[in-house]
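Report on the structure given below.
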Amino acid sequence: MSRPVSAGTPAALPVGANLVAAAGVVAASLWLLFGLPLLLPTAGAAALLLALPAVFAIVPHWGLIHEAIHGHLLPDRRASDRLGRLLAVLFGAPYACLRFGHLSHHALNARASERPELYDPARRSRLLAVLLYYPRLLFGLYAFEVASGPLSLLPRPLLRPLVRRVFYEGAADAGGMAERAERMLLEPRTLAAIRLEAIAILALLSASALLYGEHWPVLVAALAGRAFLVSFLDNAPHYGGPLADPGQGYDLEAPAPVRAFVLNANLHGTHHRHPDLPWSALPAAFEADGRGFDGHYLLRPWRQLRGPIPVPATEAGP
């Protein structure tokens with residue numbers, strides 16, 4: 001089935017591939033939460049190796065949620081969102097929170113407030129920038145996404161300033177994003193759905209922790225591995241890139257098996273230039289754009305370990 005894309009050319013949604021991939025990541029999450037702990041008494045040290053596939057599966061898991069956010073997972077938008085919500089619960093964060101966060105990234109792409117590696121030396125010391133930067137890079141982004149569920153259970157008067165703060169309140173280049181976040185995420189029906197998904201996530205994690213029992217460090221290690229992958233890869237396609245270009249994003253070379261596994265997330269710049277295209281159509285769009293690669297998908301992310309970068313003087317605040 002086809003749908004119109006940004007360039008006006010129909011692109012078929014890879015429904016079969018999406019469903020197979022969704023079944024795979026759901027199975028991986030259920031294995032991690034409820035299957036692996038049953039084998040731990042006899043698995044011993046091999047338990048960590050048995051957890052690895054479920055840890056790495058978080059990469060295509062996010063990729064499928066990303067497709068749902070853009071309406072590319074299934075032809076029917078309601079069905080796409082329902083599957084996206086299921087995937088989000090197993091990912092560990094409410095779907096509406098992930099959706100608004102990602103779409104705000106598109107809206108503010110290449111603005112200083114949306115770039116976590118940038119800091120204004122006139123407002124923040126290098127030391128403080130480092131102390132804030134590395135925890136986010138290594139695990140903090142995913143930890144906060146997961147925390148958005150329990151935080152949603154707070155009373156609305158406490159939620160309102162938190163939501164506004166997260167979505168750049170006071171940042172001149174963020175427009176009205178704080179107001180938009182408050183209006184959309186705290187809308188009664190949306191907030192009720194977020195809270196319901198948060199309760200489901202807490203129930204799943206609690207049941208899993210009970211199954212792991214004395215082997216709980218294995219579950220914590222696996223979740224930490226997921227946190228690292230999600231957090232480390234999040235801003236890698238933008239780190240150190242130029243500002244002021246809404247389509248900024250690196251297109252990175254990768255072997256065919258890696259491209260398939262990450263759902264062509266290596267072509268992040270192409271996705272920003274053509275957000276209406278499903279992941280399967282990105283290689284053709286990249287070729288049509290006539291652009292070269294900006295590095296290698298398995299190498300470029302490690303540049304982020306260089307640390308935070310002073311914001312260009314033209315973008316710094318008064």
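In what follows, residues are counted from 1 in the order of the sequence shown. Just so we're clear, the structure is a prediction, and the values are computed from it rather than from any experiment.
Judged by distance alone, the side chain of S104 and the main-chain N or O of G101 form a donor-acceptor pair under 3.5 Å. With hydrogens and angles disregarded, a donor-acceptor distance shorter than 3.5 Å links the side chain of R111 to the backbone of D173. Remark: side-chain polar atoms of R300 are not paired, donor with acceptor, to backbone N or O of P237 under 3.5 angstrom. Between the side chain of R156 and the backbone N or O of L186 there is at least one donor-acceptor pair closer than 3.5 Å. Remark: the backbone N or O of P246 is paired with a side-chain donor or acceptor of N109 at under 3.5 angstrom. Using modelled atom types, one side-chain atom of Y239 and one backbone atom of G307 make a donor-acceptor pair closer than 3.5 Å. A donor-acceptor pair is defined here as one N or O able to donate and one able to accept, closer than 3.5 Å; no such pair exists between the side chain of D120 and the backbone of P310. Under the 3.5 Å distance criterion, the side-chain polar atoms of S80 are left unmatched by any main-chain donor or acceptor of D76. In this structure a side-chain-to-backbone donor-acceptor pair under 3.5 Å is missing from R85 to E197. R115 contributes no side-chain N or O that, together with a main-chain N or O of A110, makes up a donor-acceptor pair within less than 3.5 Å.
Using a 4.5 Å heavy-atom threshold, the side chains of V163 and V166 count as separate. Looking at P301 and L233, their side chains come closer than 4.5 Å, going by heavy atoms from C-beta outward. Using a 4.5 Å heavy-atom threshold, the side chains of Q304 and F232 count as touching. Contact check for H106 versus H70: side-chain heavy atoms found under the 4.5 Å cut-off. Between P94 and S148 the shortest side-chain heavy-atom distance falls below 4.5 Å. Using a 4.5 Å cut-off on side-chain heavy atoms (C-beta onward), L223 and V55 make no contact. Counting heavy atoms from C-beta on, the side chains of V59 and L263 never come closer than 4.5 Å. Using a 4.5 Å cut-off on side-chain heavy atoms (C-beta onward), N264 and P283 make contact.
Using the six-membered ring where Trp is involved, W302 and F228 have ring planes that are tilted, between 30° and 60° apart. Using cut-offs of 30° and 60° on the angle between ring planes, the pair H271 and H66 is perpendicular.
Under 4.0 Å is where a charged nitrogen must lie from a carboxylate oxygen, and between D234 and R136 at least one such pair does. Looking at D81 and R77, a side-chain N of the basic residue comes within less than 4.0 Å of a carboxylate O on the acidic one, giving a salt bridge. Ion pairing between a basic and an acidic side chain is recognised when a charged N comes within 4.0 Å of a carboxylate O; R291 and D251 show no such pairing.
No side-chain donor from either of R226 and Y142 sits under 3.5 Å from a side-chain acceptor of the other. A side-chain donor from one of E117 and N235 sits under 3.5 Å from a side-chain acceptor of the other. No donor-acceptor contact under 3.5 angstrom links the side chains of H72 and D276, judged on distance only. Between the side chains of Y168 and E114, at least one donor-acceptor pair of N or O atoms lies under 3.5 Å.
Taken from CG in L282 to CD in E287, the straight-line distance is 12.0 Å, to the nearest 0.5 Å. Separating the CG atom in L90 from the CG atom in L204 is a distance of 6.5 Å, to the nearest 0.5 Å. Atom NE2 of residue H61 and atom OG of residue S29 lie 5.0 Å apart, to the nearest 0.5 angstrom. The CH2 atom of W216 lies 14.0 Å from the CG atom of L210; values are rounded to the nearest 0.5 Å. Remark: H268 NE2 to D294 CG distance equals 12.0 Å, nearest 0.5 Å. Taking CZ from F167 and OG from S113, the interatomic distance works out to 12.0 Å, rounded to the nearest 0.5 Å.
There is no path of hydrophobic side-chain contacts, each under 4.5 Å, that joins L108 to L141. Hydrophobic clustering (side-chain heavy atoms under 4.5 Å, transitive across Ile, Leu, Val, Met, Phe, Trp, Tyr) groups Y297 together with W279. Residues F100 and L73 are members of separate hydrophobic clusters, defined by side-chain heavy-atom contacts under 4.5 angstrom among Ile, Leu, Val, Met, Phe, Trp and Tyr. Put simply, L298 and L137 are part of the same group of oily side chains (I, L, V, M, F, W, Y) that touch within less than 4.5 Å, one to the next. When hydrophobic clusters are built by joining Ile, Leu, Val, Met, Phe, Trp and Tyr residues whose side-chain heavy atoms come closer than 4.5 Å, directly or via intermediates, L205 is grouped together with I65.
The shortest heavy-atom contact between Y133 and P308 is CD2-CD, 3.7 Å. The nearest pair of heavy atoms linking A200 to V89 is CB-CG1, 4.3 Å. Closest approach of L36 and A51 over heavy atoms only: CD2-CB, 3.7 Å. Closest of all the heavy-atom pairs between L305 and Y134 is O-OH, 2.7 Å. When every heavy atom of L33 is checked against every heavy atom of Y212, the shortest pair comes out as O-CE1, 3.8 Å. Nearest approach of H274 to A285, heavy atoms of both residues: CD2-CB, 3.9 Å.
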Q: Determine, stepwise, if the pair L219 / L211 fulfils side chain to side chain contact (heavy atoms under 4.5 Å, CB included).
A: CA-CA 10 Å; L219 176 61; L211 275 179; over 6 Å; no
**Q.** Derivation of the side chain to side chain contact (heavy atoms under 4.5 Å, CB included) call for L267 and F293
**A.** CA-CA 9 Å; L267 298 178; F293 289 115; 4.1 Å; yes
Q: Let me see the working for H272 and D245 under side-chain hydrogen bond (donor to acceptor under 3.5 Å, both in side chains), right down to the final yes or no.
A: CA-CA 10 Å; H272 271 279; D245 177 10; over 6 Å; no
Q) Taking it one step at a time, do F139 and V230 satisfy side chain to side chain contact (heavy atoms under 4.5 Å, CB included)? A) CA-CA 8 Å; F139 64 87; V230 172; over 6 Å; no
Q | Test log, rule side chain to side chain contact (heavy atoms under 4.5 Å, CB included), inputs L159 and L191 | A | CA-CA 10 Å; L159 267 179; L191 183 58; 4.0 Å; yes
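For CZ of R165, the number of neighbouring non-hydrogen atoms (other residues, nucleotides, ligands) closer than 6.0 Å is 12 at most. Within a 6.0 Å radius of CZ in R164, more than 12 heavy atoms belonging to other residues, nucleotides or ligands are found.
In summary, the aromatic rings of F56 and F261 are positioned with their centroids too far apart to meet the 6.0 Å limit.
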